[in-house]
Amino acid sequence: METKKEGIWKLKDVIFVTMLCVVLGVVYLAAVYLISPLTAVFAPTGLSLLGTELIFGVWFMAPTLAAYIIQKPSVAIVAEVLASLVEVLLGNMYGPMVIVAGIIQGAGAEIVFALWRYKRFDRTTMYLATVGCTITSFLWSFVRSNYLAIAPGLLVVYFLVRLVSAFLFAGVLCKVMGDSLAKTGLLKSYALGRAAANG
């Protein structure tokens with residue numbers, strides 16, 4: 001259990017989150033360029049949006065992975081905003097609105113960790129954080145991408161596909177990545193690394 005003082009960001013936390021978000025910002029941008037070929041595959045069926053939904057979870061990786069490693073308040077939302085900013089600076093075609101999406105998506109994960117008062121960072125909260133990201137991002141899709149015009153049945157399909165994508169990329173994959181890094185000893189200065197060393 002962290003004390004109030006331990007919940008405050010330190011310089012090493014800032015540096016680590018920044019470095020992580022630079023890497024993930026590149027991953028985020030690469031995922032953007034995957035959208036066109038994926039949507040083209042599904043276009044003949046009239047379900048081109050499935051191409052985007054299949055990889056949507058990639059854009060939730062920063063908040064879950066960073067929060068799992070650092071385990072402090074505001075890490076999830078800050079990480080997602082930073083990764084989105086890097087994505088925009090690298091040339092994302094959608095521009096600054098990506099940062100708005102980052103705030104909304106990061107908030108989805110942050111809310112979940114806050115519900116446990118930042119005292120629980122494990123498989124359960126990681127997976128629930130992906131649900132949080134999915135819900136907030138899907139609500140944003142109604143505003144940004146006019147999902148109101150989509151038939152209710154398709155909306156359910158798109159939501160479930162996005163949820164599975166989030167679970168796999170931001171949940172399972174990020175959990176494996178975090179645990180693997182912790183085992184190497186590279187994270188010994190952070191909460192996840194200390195937990196791995198003591199476990």
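Worth knowing before you read on, the calculation uses all heavy atoms, side chains too, and leaves out hydrogens, waters and symmetry mates. Keep in mind that what you see is a predicted model, and the values were worked out from it rather than measured.
Both Val88 and Met93 are assigned to one and the same hydrophobic cluster, defined by single-linkage of ILVMFWY side chains at heavy-atom distances under 4.5 Å. Tracing side-chain contacts under 4.5 Å through hydrophobic residues (I, L, V, M, F, W, Y), one reaches Val32 starting from Leu89; they form part of the same cluster. Under the 4.5 Å side-chain heavy-atom criterion for ILVMFWY residues, a single connected hydrophobic cluster contains both Ile135 and Leu154. Taken together through direct or relayed side-chain contacts under 4.5 Å among Ile, Leu, Val, Met, Phe, Trp and Tyr, Ile70 and Ile15 form parts of separate hydrophobic clusters. Under the 4.5 Å side-chain heavy-atom criterion for ILVMFWY residues, no single connected hydrophobic cluster contains both Ile55 and Val23.
For Leu128, the side chain to side chain contact (heavy atoms under 4.5 Å, CB included) test picks out Val112, Trp116, Thr124, with sequence neighbours left out. For Glu53, the salt bridge (Lys or Arg N to Asp or Glu O under 4.0 Å) partners are Arg162, not counting sequence neighbours. Qualifying ring-ring contact (aromatic ring centres under 6.0 Å, His included) partners for Phe138, counting only residues two or more places apart in sequence or in other chains: Phe142, Tyr147, Phe159. Under the salt bridge (Lys or Arg N to Asp or Glu O under 4.0 Å) criterion, Arg120 pairs with Asp122, sequence neighbours left out.
A donor-acceptor distance shorter than 3.5 angstrom exists from the side chain of Glu110 to the backbone of Ser74, with no hydrogens or angles considered. Between the side chain of Lys175 and the main chain of Met126, no donor-acceptor pair closer than 3.5 Å is present. At least one donor-acceptor pair closer than 3.5 Å links the side chain of Thr134 to the backbone N or O of Thr130. Gln71 places no side-chain N or O within donor-acceptor distance of the main-chain N or O of Ala191, the cut-off being under 3.5 Å.
In this structure, Leu65 CG and Ile69 CD1 are separated by 4.0 Å, a value rounded to the nearest 0.5 Å. Summarising the geometry, atom CG belonging to Leu90 is positioned 5.5 Å from atom CG belonging to Leu29; distances are rounded to the nearest 0.5 Å. With rounding to the nearest 0.5 angstrom, the CG atom of Leu186 is 11.5 Å from the CG atom of Leu192. Taking CG of Leu49 as the start and CG of Leu38 as the end, the distance is 12.0 Å to the nearest 0.5 Å. The OG atom of Ser84 sits 10.5 Å away from atom CG of Leu24, with the distance rounded to the nearest 0.5 Å. Leu54 contributes atom CG, which lies 10.5 Å from atom OH of Tyr158 (distance to the nearest 0.5 angstrom).
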side-chain contact (heavy atoms from CB on, under 4.5 Å) assessment of Val156 paired with Leu160:
CA-CA 6 Å; Val156 172; Leu160 292 176; 4.0 Å; yes
Does the pair Val17 and Trp9 meet the rule for a side-chain contact (heavy atoms from CB on, under 4.5 Å), with working shown?
CA-CA 10 Å; Val17 171; Trp9 284 52; 4.1 Å; yes
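In this structure, the side chains of Asp13 and Tyr190 come closer than 4.5 Å at one or more pairs of heavy atoms. At a threshold of 4.5 Å between non-hydrogen side-chain atoms, the residues Val22 and Leu82 do not count as touching. Side-chain atoms of Phe16 and Leu187, non-hydrogen and from C-beta on, do get closer than 4.5 Å to each other. Counting heavy atoms from C-beta on, the side chains of Tyr127 and Thr64 never come closer than 4.5 Å.
Considering all non-hydrogen atoms of both residues, Cys133 and Pro63 come closest at SG-CG, 4.3 Å. Taking all atoms of both residues into account, the shortest heavy-atom contact from Gly57 to Ser165 is N-OG, 2.8 Å. Across every non-hydrogen atom of Tyr33 and Pro37, the tightest pair is O-CD, 3.4 Å. Across all non-hydrogen atoms, the minimal contact from Ile8 to Lys72 is O-NZ, 3.0 Å. Contact between Val58 and Ala31 at its shortest, heavy atoms only, is CG1-CB, 3.9 Å. Heavy atoms only, all atoms of each residue included: Phe121 and Ala67 are closest at CD2-O, 3.4 Å.
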I'd like a table of donor-acceptor pairs (distance under 3.5 Å, sequence neighbours excluded) in which one partner is a side-chain atom from residues 97-109, with atom names and distances.
residue, atom, partner, partner atom, Å
Gln105, NE2, Trp59, O, 3.3
Gln105, NE2, Glu80, OE2, 2.7

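When the shell of 6.0 Å around NZ of Lys188 is examined, it contains 12 or fewer heavy atoms from other residues, nucleotides or ligands. In the displayed structure, Met19 atom CE is contacted under 6.0 Å by at most 12 heavy atoms of other residues, nucleotides or ligands.
Pairs of residues two or more places apart, or lying in two chains, never qualify as ring-ring contact (aromatic ring centres under 6.0 Å, His included) while including a residue from residues 67-99.
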